[in-house]
Number of protein chains: 2
Amino acid sequence: MNKNFDEPLCVQCNQDFKTIFHKLTPEQLEYLNNVKSCTVVKKGRILYEEGNRISGIFCINKGILKVYKTGVEGKEQIIKFAKPGEVIGYRSVINGEPACTSVKILEDAVLCHINSQDLYHLLKENAEFGIELLQIACKELGEANNYITDIAQKSVRERLAEILLHLKDEFGINEEGLINISLTREELANIIGTATESVIRLLSEFKTEGLIELQGRKIKLIDLNKIKKISNVF
Amino acid sequence: MNKNFDEPLCVQCNQDFKTIFHKLTPEQLEYLNNVKSCTVVKKGRILYEEGNRISGIFCINKGILKVYKTGVEGKEQIIKFAKPGEVIGYRSVINGEPACTSVKILEDAVLCHINSQDLYHLLKENAEFGIELLQIACKELGEANNYITDIAQKSVRERLAEILLHLKDEFGINEEGLINISLTREELANIIGTATESVIRLLSEFKTEGLIELQGRKIKLIDLNKIKKISNVF
DNA sequence: TAGCAAAAATAATAATTATCAGCTATTTAA
DNA sequence: TTAAATAGCTGATAATTATTATTTTTGCTA
């Protein structure tokens, strides 16, 4: 994966994904490269759980992660998915609080860990970097506000249509047109806040109506316009 | 209100509420005081609307503001209330996007406006200030995640109980024990994402069950323990 | 302070969604 | 490779919540 072994990994990662680190000076990137620690984490592993103290942030080089909260009676609520180029855990580090979400690896991942102190070192040295992280936080905040409005106002059917469109945009499709993420019906239900059975029912309705095709957990969107219409997104 | 007319308003405001500006140097506070513009805004006025370009952030010195999005078919979704010491509009300024929420004045307000350029000037000059704003954003993000989980998983009854407790915590109670914020039933419905009639019905159920007392729009919580039990918050 | 408009309350009905139970298919791990 | 576990599916039923319509109350202002 590393095209040029003379370049520090962080420089390359940054080039590939345009991470939050792209405002760092070459020296600061070098510093980052020296203090970070990189690990391979297998699918299925839980990186950290809600309530844990975490020692730093994770920068994702490879893989897909599920970020979720545990709500009423242990029910999982998926907050977001994280993918290469994104950073997770900064909320807890910045606020000095225990993690407010759990993170599970959905697809084998390569993660770089940056200690809180090292992060703070960079934040204090480079105001532009702080602004960069602030922009990420603000972007997520805007997305969260949209999420709130959707869950509060839309029906389960509308939300399912919307989430299918989102997943397609976020993860893209493969050669066969299938969305590049494998989620169980239960996970889909835990994104939109409904019962697993409802998702199953609605998916087969969508299929019957010719809106989608199903191949196990993989989904192909056939009639984008109708799906958009159902989702109420414009 | 200004106890000492020798001190710039921003210094006093900062002392009263411990705003995001408390990491600024005295010179920077002085600068802020010179570039900000303060206005009195009457109850009922709309400060800005979703989609507007806003020229800066607002720091609240006095009043209560309602921050909301317009969702499906124009239905209002209340995202949060803002009160003295808080700052609004920073999300849009930081991301250089149009406002993603509308803001309405619920109680006569005194607002200080700070231009985007002036904000950026401070952000670039003082990394600590950036971290401070980042902390605010992260705090709001954490709250938004909780909000998502609640709306997605709890019943309307649970959410109503929870929001009553929240409002009491956030705005406090007066001598008579009434929560210090006046919301219409419709606004309560627009916080928890339900129909106005449902809120009306549940409030009168709560009243019948001896959990609350109602005096017009003012609400008094009688049996906190039972309300907590209903809300499923621990 | 009468008159009006907005908000609140109530009831009946309809629609949506959850829950439960039982079954089949698919993965996973021994 | 097979057993066990997990996930997926379907139907029946129950519960919750939305919608509609109507009446009453409240608060505002002319």
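Only a predicted model underlies this, so the values are computations on that prediction, with no experimental measurement involved. Below, read A as the first sequence line, B as the second, and so on, with proteins coming before strands; counting in each chain starts at 1.
You'll find that the side chain of B/Ile200 is closest to C/dA8, out of C/dA8, C/dA18, D/dT19. Considering only the side chain of B/Thr184, C/dA8 comes nearest among C/dA18, C/dA8, D/dA18. Distances from the side chain of A/Glu197 to the nucleotides C/dA8, D/dA7, C/dA21 place C/dA21 closest. Of all nucleotides listed (D/dT19, C/dT17, D/dA7), C/dT17 comes nearest to the side chain of A/Ser155.
No side-chain donor from either of B/Glu187 and B/Tyr68 sits under 3.5 Å from a side-chain acceptor of the other. At a cut-off of 3.5 Å, with distance as the only test, no side-chain donor of A/Asn180 or A/Lys218 sits close to an acceptor on the other residue.
Residue order along DNA chain D, read from the 5' end via each residue's closest nucleotide, puts A/Ser204 first among B/Thr194 and A/Ser204. Heavy-atom distances to DNA chain C give each of A/Gly216 and A/Arg159 a nearest nucleotide, and the one nearer the 5′ end belongs to A/Arg159.
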- prompt: Can you check side chain to side chain contact (heavy atoms under 4.5 Å, CB included) on A/Lys226 and A/Phe206, steps first, answer last?
  reply: CA-CA 10 Å; A/Lys226 274 194 192 156; A/Phe206 283 1; over 6 Å; no
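The one candidate from A/Gln153, A/Glu162, A/Glu158, A/Arg157 that meets the side chain to side chain donor-acceptor pair (under 3.5 Å) condition with A/Asn232 is A/Glu158.
Between A/Ser198 and C/dA18 there is a side-chain polar atom (N or O) within less than 4.0 angstrom of OP1 or OP2. Between B/Thr196 and C/dA7, a side-chain N or O to OP1/OP2 separation shorter than 4.0 Å is absent. OP1 or OP2 of D/dG8 has at least one side-chain nitrogen or oxygen of A/Arg217 nearer than 4.0 Å.
Distance, A/Arg185 CZ to D/dC9 P: 4 Å, rounded to whole Å. B/Arg157 has its CZ atom 15 Å from the P atom of D/dA18, to the nearest Å. Protein atom CD of A/Glu205 is 12 Å distant from nucleotide atom C1' of D/dT10, rounded to whole Å. Per the geometry, CZ belonging to A/Arg201 stands 11 Å off C1' belonging to C/dC20, to the nearest Å. Going from atom CG of B/Leu214 over to atom P of C/dA7 covers 18 Å, rounded to whole Å.
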